[in-house]
Amino acid sequence: MIVEVRPGRVDGAIRAPASKSVMLRAVAAALLAEGVTVIANSSDCDDARAAIRVARTLGASIEAGAGHVRVTGGLRPAGDPLDCGESGL
């Protein structure tokens with residue numbers, strides 16, 4: 001088979017997959033910050049869910065949506081045990 005490739009233009013957009021490591025750091029930073037933080041293109045893995053549980057236990061209010069997480073931060077520990085699961089956080 002003979003294929004001829006001619007010069008052309010490629011156009012479009014792609015979204016990089018979410019990073020678990022960046023998600024964990026963003027949740028921790030949002031917990032410590034006063035006010036609202038929106039994490040776009042958020043990861044939805046076991047470690048990210050564990051980080052969100054820990055942040056909630058430490059006082060953050062968190063709403064998770066499709067592809068984003070909204071964190072209202074402020075460190076106010078509830079005194080409950082922290083279940084990090086297998087997360088490196």
What is the minimum heavy-atom distance between [X] and [Y], and which atoms define it?
{"X": "A51", "Y": "V27", "value": "O-CG1, 3.7 Å"}
{"X": "L31", "Y": "A55", "value": "CD1-O, 3.7 Å"}
{"X": "V71", "Y": "A60", "value": "CG1-CB, 4.0 Å"}
{"X": "S43", "Y": "S19", "value": "CB-O, 4.1 Å"}
{"X": "M23", "Y": "A48", "value": "CG-CB, 3.8 Å"}

Worksheet item: Is the number of heavy atoms from other residues, nucleotides or ligands within 6.0 Å of CZ (R15) greater than 12?
Response: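 No - once you tally the heavy atoms of other residues, nucleotides and ligands closer than 6.0 Å, there are 12 at most.
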Discussion item. Looking at R56 and I62, would you say the former's side chain and the latter's main chain have a donor-acceptor pair under 3.5 Å?
Written reply: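 A pair under 3.5 Å: yes.
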Discussion item. So does E4 get a backbone contact from the side chain of R6, meaning a donor-acceptor N/O pair under 3.5 Å?
Written reply: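 No; zero donor-acceptor contacts below 3.5 Å.
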Worksheet item: Which is it for D44 and R49 under the side-chain contact (heavy atoms from CB on, under 4.5 Å) test, yes or no, and what are the steps along the way?
Response: CA-CA 7 Å; D44 183 32; R49 287 189 290 275; 2.8 Å; yes
Discussion item. Can you tell me which residue among I52, D83, L82 is in a side-chain contact (heavy atoms from CB on, under 4.5 Å) with T57?
Written reply: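 That would be L82.
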Mind checking the [atom1]-[atom2] spacing from [X] to [Y]? Nearest 0.5 Å is all I need.
{"X": "D47", "Y": "C84", "atom1": "CG", "atom2": "SG", "value": "10.0 Å"}
{"X": "I39", "Y": "R70", "atom1": "CD1", "atom2": "CZ", "value": "12.0 Å"}
{"X": "L58", "Y": "R53", "atom1": "CG", "atom2": "CZ", "value": "12.5 Å"}
{"X": "K20", "Y": "C45", "atom1": "NZ", "atom2": "SG", "value": "5.5 Å"}
{"X": "T72", "Y": "E34", "atom1": "OG1", "atom2": "CD", "value": "10.5 Å"}

